[in-house]
Amino acid sequence: MADVDTARFLADLHELRQIGKFKTGVHRPTYTKEDMQSRHWLMDRLREVGLTPSMDGIGNVIGRHPGPGPHLLVGSHLETQNEAGWLDGALGVLAGLALARAGLPVDVVAFADEEGHYGTFLGSRSLIGDVTEAQMDAAKHNMTGKPLREALREAGLEGLPRERLDPSRYKGFFELHIEQGTQLENAGLRSGVVTGIVGIRYFKITIIGQQDHTGGTTMAERKDAAVAAMRVLSLIDERFPMHIGERTVWTCGRITLEPNAPHIIPGKAELVFQFRDISEEVMDRLENLLHRIVQEVGRRDRCTLSVECLNRSPPALAHPAMHEALRQAATKHANGQWQPMPSGAIHDAQLMAKILPTAMLFTPSIGGISHHWAEDTKEEDLTLALRILADAAESYLRQ
């Protein structure tokens with residue numbers, strides 16, 4: 001097995017967490033000075049282990065191994081959500097650095113804006129050729145509205161070319177990540193070999209009723225868009241459980257009412273709704289059920305309802321040989337303390353799977369906390385994950 005330096009790996013993680021430190025976590029939103037400082041810090045570390053680093057015009061950092069292939073691509077992201085955790089993303093990048101330090105033929109990547117401040121997987125999508133210049137022109141910060149082009153200029157990236165990965169260089173992509181959930185901890189396990197990353201379907205459900213006076217309109221006369229919206233969500237929670245898979249989840253993350261005034265019956269409501277599952281068949285079933293629920297509510301509440309699919313992200317199943325290499329390494333290093341499991345969160349690996357064989361490994365999250373400064377993982381679990389990843393990478397390269 002590759003001789004990975006676990007002490008240096010932990011030291012790197014703790015050094016990186018000082019950049020943008022916030023309480024016990026970090027605050028490194030995309031293209032801020034803290035984010036860019038972390039990217040330059042990484043480039044220095046990549047040089048130290050003999051890789052040739054570069055940063056492209058969207059902020060992706062790649063350290064390339066100088067030797068002959070086949071190579072592996074290993075990494076994740078460095079930026080964070082606001083006032084968030086120190087391991088989300090950074091763990092996968094520095095695991096790649098540790099594998100390169102151990103002498104494995106690894107290219108290390110830190111994708112830009114995995115957290116979606118300016119778009120959806122901006123960096124990894126760009127590396128596979130899925131971001132146009134027109135899309136970059138139109139992209140804005142999801143809260144402040146700052147144009148992406150302005151952010152790139154302020155970050156010193158304006159004018160730099162965007163890189164495109166050459167799939168022929170790589171035998172596959174590995175990503176190590178915290179679980180961001182409680183399955184492993186609740187089961188008393190120390191590692192999870194990811195079977196695949198769930199697909200996601202986003203919908204906008206629009207309800208048109210009749211805006212009217214709250215005092216002068218009798219209950220029998222009303223066409224209340226808010227009531228119809230709540231009924232849709234109630235029926236989803238009532239009926240979805242009869243049609244789901246083992247790890248299906250669904251969420252209504254945004255509800256808007258118009259005119260949203262205390263003395264006016266809402267004439268319009270909008271719901272932004274999503275569900276996730278590892279199976280396309282399950283998601284097809286749920287989408288059909290959603291349409292039936294919407295039709296039923298429209299008849300019952302005398303409102304006009306419509307469903308628009310905003311986005312479909314297909315599941316990304318783990319590459320069989322890479323998955324098996326991780327299973328064997330987990331059995332060797334964490335025998336009886338690991339399990340196969342799907343990823344309920346989405347990751348850059350989902351984009352890499354479009355062009356490369358891909359697999360992921362999870363390590364437990366204490367309390368399941370992530371996207372919060374209290375995010376944490378036991379150091380012995382971090383080093384165990386690194387050993388499993390290194391063993392699997394070396395085994396897979398020999399195949």
Side-chain angles (χ1 to χ4, degrees), residues 81-82 116-120 138-145 181 198-315 344-346 368 371-372:
Q81 293 286 351
N82 296 331
H117 293 276
Y118 289 89
T120 305
K140 296 181 180 180
H141 192 277
N142 61 14
M143 294 182 67
T144 67
V198 297
I200 305 178
R201 297 189 189 180
Y202 284 96
F203 301 90
K204 181 172 71 174
I205 304 168
T206 303
I207 301 102
I208 304 296
Q210 177 62 56
Q211 180 178 323
D212 219 328
H213 194 285
T214 57
T217 308
T218 66
M219 300 308 292
E221 295 175 301
R222 295 184 181 209
K223 298 178 181 179
D224 191 326
V227 170
M230 296 308 103
R231 201 180 313 278
V232 167
L233 296 179
S234 176
L235 289 175
I236 285 172
D237 266 9
E238 176 186 325
R239 297 179 185 175
F240 265 40
M242 294 179 282
H243 301 270
I244 60 174
E246 184 180 353
R247 283 297 314 281
T248 309
V249 296
W250 59 91
T251 305
C252 178
R254 189 174 73 202
I255 303 173
T256 58
L257 300 176
E258 293 181 13
N260 202 28
H263 301 298
I264 302 176
I265 299 167
K268 181 180 180 181
E270 280 188 357
L271 309 175
V272 176
F273 176 73
Q274 64 163 275
F275 52 76
R276 305 183 182 205
D277 197 85
I278 198 71
S279 164
E280 290 275 23
E281 181 182 351
V282 170
M283 291 195 292
D284 287 343
R285 209 159 58 223
L286 295 178
E287 185 169 347
N288 289 334
L289 178 56
L290 176 63
H291 282 280
R292 292 199 301 272
I293 288 171
V294 163
Q295 290 171 1
E296 178 181 333
V297 171
R299 291 192 299 268
R300 177 171 178 171
D301 289 274
R302 298 181 299 123
C303 293
T304 301
L305 282 75
S306 61
V307 180
E308 176 188 357
C309 186
L310 300 177
N311 187 51
R312 297 172 185 268
S313 176
I346 53 178
H371 287 182
H372 184 274

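We use all heavy atoms of the structure for the numbers below, so side chains are in, but hydrogens, waters and symmetry mates are not.
- Residues G298 and L305 share a closest heavy-atom pair of CA-CD1, 3.6 Å.
- Here the shortest heavy-atom pairing between P315 and E280 reads CD-OE2, 3.4 Å.
- Side-chain atoms of S279 come within 3.5 Å of backbone atoms of E281 as a donor-acceptor pair (strictly under, hydrogens ignored).
- The backbone N or O of V272 lies less than 3.5 Å from no partner atom in the side chain of R254, so there is not a single donor-acceptor pair.
- Using cut-offs of 30° and 60° on the angle between ring planes, the pair F275 and F240 is perpendicular.
- Here OG of S306 is found 10.0 Å from NE2 of H291. Values are rounded to the nearest 0.5 Å.
- The CG atom of L289 lies 11.0 Å from the CD1 atom of I244; values are rounded to the nearest 0.5 Å.
- I346 and V198 get closest at one heavy-atom pair: CG2-O, 4.0 Å.
- Annotation: the span from M283 atom CE to S313 atom OG amounts to 8.0 Å, rounded to 0.5 Å.
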Next item on the list: Starting from the C-alpha separation in whole Å, work towards a yes-or-no answer on side-chain contact (heavy atoms from CB on, under 4.5 Å) for E246 and I278.
Entry: CA-CA 9 Å; E246 184 180 353; I278 198 71; over 6 Å; no

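- What you find for G267 and P259 is that their closest heavy atoms are N-CD, 4.3 Å.
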Margin query: For N311 and I200: C-alpha separation, side-chain torsions, deciding distance, then whether side-chain contact (heavy atoms from CB on, under 4.5 Å) applies.
Written below: CA-CA 8 Å; N311 187 51; I200 305 178; 5.9 Å; no

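- Smallest separation of non-hydrogen atoms from A269 and A229: CB-CB, 4.0 Å.
- Atom NZ of K223 sits about 7.0 Å away from atom CD of Q210, to the nearest 0.5 Å.
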Next item on the list: Under the salt bridge (charged side-chain N to carboxylate O under 4.0 Å, His left out) rule, what do E221 and R302 come out as? Steps first, then yes or no, please.
Entry: CA-CA 10 Å; E221 295 175 301; R302 298 181 299 123; over 6 Å; no

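- A heavy-atom distance below 4.5 Å is not found between the side chains of D301 and D224.
- The 12-atom threshold is not exceeded at CZ of R300, counting heavy atoms of other residues, nucleotides or ligands nearer than 6.0 Å.
- Using a 4.5 Å heavy-atom cutoff, the side chains of I264 and Q211 are in contact.
- Inter-residue side-chain proximity for R201 and D284 is flagged as met; some heavy-atom pair is nearer than 4.5 Å.
- Formation of a donor-acceptor pair under 3.5 Å by the N142 side chain with backbone atoms of G116 is found in this model.
- Other residues, nucleotides and ligands place no more than 12 heavy atoms under 6.0 Å from the CE atom of M143.
- In this structure, CD on E308 lies 5.0 Å from NZ on K204, to the nearest 0.5 angstrom.
- The backbone N or O of T214 lies less than 3.5 Å from a partner atom in the side chain of R222, making a donor-acceptor pair.
- A distance of 5.5 Å separates NE2 in H141 from NE2 in H117, rounded to the nearest 0.5 Å.
- Enclosure of atom CD in E238 by more than 12 non-hydrogen atoms of other residues, nucleotides or ligands within 6.0 angstrom is indicated.
- The two residues V232 and I293 come nearest to each other via the heavy atoms O-CG2, 4.0 Å.
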Next item on the list: Apply side-chain contact (heavy atoms from CB on, under 4.5 Å) to the pair D237 and W250, showing each step before the final yes or no.
Entry: CA-CA 9 Å; D237 266 9; W250 59 91; 2.6 Å; yes

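- The backbone N or O of H243 lies less than 3.5 Å from a partner atom in the side chain of R285, making a donor-acceptor pair.
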